[in-house]
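Convention: sequence-line order gives letters A, B, ...; per-chain numbering from 1. Predicted model, so just to flag it, every value in this text is computed and none were measured.
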Number of protein chains: 2
Amino acid sequence: MPHCHTHIEKLRQRGYRITPQREIIIKAIAHSTSHLTAEDLLELIRTSSEAINIATVYRTLEMLVEEGLIIRSDLGQGRAVYAPHQHGPHLHLVCRQCGEVFDADHTMACSLREQIWEQHHFEADFSHTTVFGLCALCQKKEE
Amino acid sequence: MPHCHTHIEKLRQRGYRITPQREIIIKAIAHSTSHLTAEDLLELIRTSSEAINIATVYRTLEMLVEEGLIIRSDLGQGRAVYAPHQHGPHLHLVCRQCGEVFDADHTMACSLREQIWEQHHFEADFSHTTVFGLCALCQKKEE
DNA sequence: CTCGCTATTGCGAAAATCCGCAATAAGGAG
DNA sequence: CTCCTTATTGCGGATTTTCGCAATAGCGAG
């Protein structure tokens with residue numbers, strides 16, 4: 001919630017036009033504490049304001065992902081979830097079991113980035129990479 | 001190609017029924033050298049044999065992923081690609097510009113996996129993690 | 001404040017993916 | 001080999017996500 005205006009300013013500076021639809025979407029996702037599907041978001045918006053076309057929601061989400069303001073995770077099952085990216089770049093640890101998303105410092109990936117560069121001349125960007133696995137809780141449940 | 005029968009045997013032992021459709025799909029994907037979408041696979045199959053329903057392709061792919069015989073990566077743009085798991089797990093380096101996919105040795109991520117474990121008790125699985133970035137070619141074009 | 005360029009929206013339709021259900025067939029038992 | 005159980009297929013249709021295109025509307029210039 002304190003980030004809405006920062007985000008909007010950032011987008012404006014990068015040459016994006018600030019439309020009412022974008023403001024609404026940005027506010028809604030910034031206020032959310034957990035990850036949302038595009039449909040969730042649409043529902044949220046519908047209650048508080050004019051309906052926004054679902055295609056616009058998808059396009060805005062795609063843009064926000066590209067600009068690094070939110071993150072998108074494909075959790076399988078043909079559904080993607082979106083979440084605010086409030087504390088700067090980081091890795092996303094997504095639990096395969098419960099779907100929970102944890103943030104990890106992306107600087108841990110520095111040496112890996114260097115190795116990839118040396119071997120493939122590929123400039124890897126770990127600033128919002130999604131890593132699947134099992135969270136501590138679900139590991140216990142497995143036994 | 002040498003793995004088809006191993007795969008089929010494995011599935012049989014795990015209680016799956018071996019249908020002609022499954023054999024065809026397993027052979028097609030095992031023979032492929034690169035990543036395929038479900039549609040690619042359908043096309044491949046159509047040329048050599050009876051048409052198989054696309055839903056069956058998806059269901060078989062999902063099952064093979066669950067059984068760990070193939071891997072699935074979401075490369076964004078609403079498309080998933082599937083690849084044999086025979087050459088061992090690997091990282092997917094996806095170029096943001098041209099969309100090309102490169103494979104990298106996943107053992108490079110070992111130390112990162114350990115760090116994540118120490119800091120978050122999260123059991124990360126890098127066996128088919130997708131890393132976005134810029135490939136060597138597109139880096140040159142950027143200048 | 002008005003004008004003009006062009007980014008953005010909404011709409012309808014196309015893709016991609018998944019799902020329910022009846023019909024079929026794999027594989028074990030006899 | 002035949003029969004039975006039930007996993008699997010094909011089909012049609014639902015859902016999720018994307019796309020093309022005409023209409024709309026930000027926002028910078030004047």
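- Atom P of nucleotide C:dT9 and atom CD1 of A:Ile18 are separated by 10 Å, given to the nearest angstrom.
- Closest-nucleotide positions on DNA chain C for B:Tyr16 and B:Tyr58 were compared, and the one nearer the 5' end corresponds to B:Tyr58.
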Steps toward side chain to side chain contact (heavy atoms under 4.5 Å, CB included) verdict (A:Thr37, A:Leu41): CA-CA 6 Å; A:Thr37 66; A:Leu41 203 49; over 6 Å; no
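- A donor-acceptor contact under 3.5 angstrom links the side-chain atoms of B:Arg17 to the base of D:dT6.
- Contact of the A:Phe126 side chain with the A:Ile116 side chain is registered, since non-hydrogen atoms from C-beta on lie closer than 4.5 Å.
- The neighbour count for B:Arg113 CZ, taken as heavy atoms of other residues, nucleotides or ligands under 6.0 Å away, does not exceed 12.
- Atom CG in B:Leu61 sits about 15 Å away from atom P in D:dT8, given to the nearest Å.
- A salt bridge links B:Arg14 with B:Glu67; the closest basic N to acidic carboxylate O contact falls under 4.0 Å.
- For C:dG20, its base sits under 3.5 Å from the side chain of B:Arg59 at one donor and acceptor pair at least.
- Residue B:Glu39 contributes atom CD, which lies 10 Å from atom C1' of C:dT17 at whole-angstrom precision.
- The interatomic distance linking B:Arg12 (CZ) with C:dA26 (C1') rounds to 9 Å, in whole Å.
- Mapping B:Thr37 and A:Thr56 onto DNA chain C via the closest heavy atom, the residue that lands nearer the 5' end is A:Thr56.
- Dashed line: the shortest gap from a side-chain N or O of A:Thr19 to OP1 or OP2 of C:dT9 is under 4.0 Å.
- Taking the side chain of B:Ala55 as heavy atoms from C-beta on, and the options D:dT18, C:dC19, D:dG26, the nearest nucleotide is C:dC19.
- Put simply, CD1 on A:Ile8 is 16 Å from C1' on D:dC27, counting in whole angstrom units.
- Spacing between atom CZ of A:Arg72 and atom P of D:dT16 amounts to 14 Å, rounded to whole angstrom units.
- Salt-bridge annotation for B:Arg59 and B:Glu62: absent, with no side-chain N of the basic residue lying under 4.0 Å from a carboxylate O of the acidic one.
- Summarising the geometry, the separation between CD1 on A:Ile25 and P on C:dT8 is reported as 12 Å, rounded to the nearest angstrom.
- Rounded to whole Å, the distance from CD on B:Glu9 to P on C:dA26 is 16 Å.
- Contact annotation: B:Asn53 reaches the phosphate of D:dC11 (side-chain N/O to OP1 or OP2, under 4.0 Å).
- One finds no side-chain N or O of B:Gln21 lying less than 4.0 angstrom from the OP1 or OP2 phosphate oxygen of C:dA25.
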